[in-house]
Amino acid sequence: MKRYWMPDALRIAPELDVRTRTPAPRPRTALLINPFYPKDPHASFGKHVLTPSLALTSIAAATPAHWDVRYWDENLLMGPPPCDPFPEVVGITVHLTFAERAYALARWYRERGAKVVFGGLHVISCPDEVAPHADAIAVGEGVQVWGQILEDVENGRLAKIYRGDYRKPYRDDPAPRRDLLPRRSFLTTTSLIATRGCHNRCGFCYLATRDLHMPYLMRDVGQIADEFAADDQPYAVFIDNNLGSRPDYLRALCRALRPLEKIWSAAVTIDVTDDPTLVREMALAGCTGVFVGFESLENENIVASHKKSPKTADYARRVAVLHDNGIQVNGSFVLGFDHDRPDVFARTAEWIERQRLECATFHILTPYPGTPLFDQMEGEGRILHRDWSQYDTAHVVFQPRHMTADQLAEGYAWCYERLFSHRSIWRRRPHDPRAVLPYLAMSYLYKRSNRFWHFLIRHQLTATVWRPLVETTRRRHVRFRRKLAEADGSDRPAGSVVSAGV
Ligand code: B12
Ligand code: SF4
């Protein structure tokens, strides 16, 4: 197997020195931490600084005004989290892949007198496992309960468990505190969320977790446009699970975003192409890229996952609808489904090249605890281990049906190697010659520059280097959409290829 370049800083969490002496906790000071996770050397390191998660900026926005709140993301390679002033409360977001790191951080801060509160996906799926490591846990929606948690700390009556309900409308939630983010460290700080939930409930998705009830809720489109304008960035990433679940809503959102003359990308399901006029509206509103969960080219896999999706034979036509509107496609593929055989890797890569997808993301099928897929695998005795740190979709954690675990791991690595190769990048160049150069520049920067990415992240140069490129792209796109608005369908302008998507 090929050996990948992997600096320690992207593989090992910063050391938490047990000898460090810290001042006494300062009352009404909260520190919010996004813990470190090891990066997958097969993929681009750039994806980790494209756009921040909204978990902690949302929580920060719910912090009462008389509290001082700080933010620390260990993945920005700025060392271990700060301890001066020493916080009275530490809030940590916990996903299964970095649960162990969250526990280590909690231990370190608790030993020094801070109260530690956990929230996040792993708290929802495995509350009994996480609870002993924290003073309190927030199960579910966190914005609703964070103020209460801090009030209870002030009054010395912190409870062990708080529950937030995803069914409550969140239109009145305050805008996330993006001002707390280190702006130089991200390609854009404008992560936006317009909707929650998804019209699907695929058996492998975290949304199908047993105790997670997240109906599809939408925010006021004007609020989203205001947040986008306020953050003063040319490019935003919608972190919604599926921005396209309600076509009417998406259309209204596009109309609200259009006057901003900015660019954005979002995750959608491929049925967004059911109505090509909606795709056109997306392009006119500044959509330059979509992240599409194709999952598999085998219909049987899609059916077994309970995903409501068009037939896979129609995917190619639908990709063309997006391309025709200058929207680049980052296809997401899951490998290792029960109907996958060892030829799945080559077949998937071939298809991606034939459709000229600008970008593709591969995931080894991963049964997240609490999902129907986990129950199925466990029932069939196919779970190989419960080392959650390896449940990151880059490792095989279950016994595949029609291949060995090694075949699946090697096939996954091979897919990335192939898609990031010079030959594959060239084969996927846009049809329109005018779009080829920007496509090549972005592809090489995103896919073949991991040493460069490490340098940018370490020196907080991501925004400095990328922002001019993104701004140039925005200007090109504004010209593109003017022509698109005038075009009658026969004379489409060149597809405008933009920076790496979600
Ligand atoms: C932005 C994002 C990223 C970013 C940033 C990640 C990071 N950790 O910094 C990037 C692109 C780098 C990324 C990478 C990956 N991601 Co990601 N990512 C997301 C995404 C799209 C949005 C997250 C977000 O902002 N959500 C919105 C916030 C508001 O919701 P929330 O996090 O649940 O937080 C709420 C509550 O949980 C709670 N809460 C959360 N934290 C706290 C803390 C406290 C103190 C309290 C009180 C409450 C609280 O309150 C919040 C407000 O209600 C989600 C999908 C999604 N739409 O959620 C996937 C998602 C989280 N990612 C996922 C995965 C698998 C990955 C990768 C492993 C994929 C890969 N192979 O590369 C990598 C690596 C990350 C890792 N090892 O964990 C999965 C996780 C599945 C799981 N069960 O753990 C998700 C759910 C996508 C999916 N559909 O499967 N990701
Ligand atoms: S379509 Fe995507 S976001 Fe929706 S349930 Fe399926 S995998 Fe999850």
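Indexing begins at 1, ligand by ligand and atom by atom, following the structure's order.
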Using a 4.0 Å heavy-atom cut-off, which part of [X] comes near ligand 1: side chain, backbone, both, or neither?
X	value
L50	neither
Y166	side chain
H48	both
T393	side chain
F98	side chain

Pi-cation contact, [Y] with [X] (under 6.0 Å, within 45°):
X	Y	answer
K39	F36	yes
R112	W108	yes
R196	Y170	yes

Main chain of [Y], side chain of [X]: is a donor-acceptor contact present, judged purely on distance under 3.5 Å?
X	Y	answer
R107	H133	no
K160	A131	yes
N450	F45	yes
D240	A194	yes
T348	V344	yes

Does C205 bring an N, O or S atom to within less than 2.8 Å of atom 6 (Fe) of ligand 2?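 Under 2.8 Å: C205 has no N, O or S contact with atom 6 (Fe) of ligand 2.
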Only heavy atoms of [X], strictly under 4.0 Å: list the atoms of ligand 1 that pass.
X	value
I92	43 (C), 45 (C)
E141	52 (C), 53 (O)
T97	76 (C), 77 (N), 78 (O)
V117	45 (C)
A138	47 (C)
K47	11 (C), 12 (C), 70 (C), 72 (O)
G119	39 (N), 40 (C), 41 (N), 42 (C), 43 (C), 44 (C), 46 (C), 48 (C), 49 (C)
G91	45 (C)

May I ask you to decide whether E358 forms a salt bridge with K447, counting only side-chain N to carboxylate O separations under 4.0 Å? no
What I want to know is whether [X] and ligand 1 share at least one N or O pair that is separated by under 3.5 angstrom.
X	result
D240	no
P38	no
I239	yes
N241	yes
N34	yes

Atom 4 (Fe) of ligand 2 - nearest protein heavy atom and its distance: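 Protein heavy atom at minimum distance: C198 SG, 2.3 Å.
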Looking only at protein heavy atoms, which one is nearest to atom 6 (Fe) of ligand 2, and what is the separation?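 For atom 6 (Fe) of ligand 2, the nearest protein heavy atom comes out as C202 SG, 2.3 Å.
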As a test of understanding, state which of D179, T57, D231 forms a side chain to side chain donor-acceptor pair (under 3.5 Å) with T189.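 Among D179, T57, D231, the one that satisfies the side chain to side chain donor-acceptor pair (under 3.5 Å) with T189 is D231.
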Can you find a pair of side-chain heavy atoms, one from M218 and one from S245, that are under 4.5 Å apart?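 Side-chain contact under 4.5 Å: no.
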is_close_aromatic(F238, W264), centroid dist under 6.0 Å: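 So the answer is yes for these two rings.
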Option with minimal heavy-atom separation from atom 29 (C) of ligand 1, where the choices are L54, I193, I137: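 Going through L54, I193, I137 one by one, L54 has the nearest heavy atom to atom 29 (C) of ligand 1.
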At a 4.0 Å cut-off, with the gap strictly under it, does some heavy atom of N242 reach an atom of ligand 2?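 No; N242 lies far enough from ligand 2 that no heavy-atom distance drops under 4.0 Å.
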Any side-chain donor paired with an acceptor under 3.5 Å for H363 and E295?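 Short answer, no.
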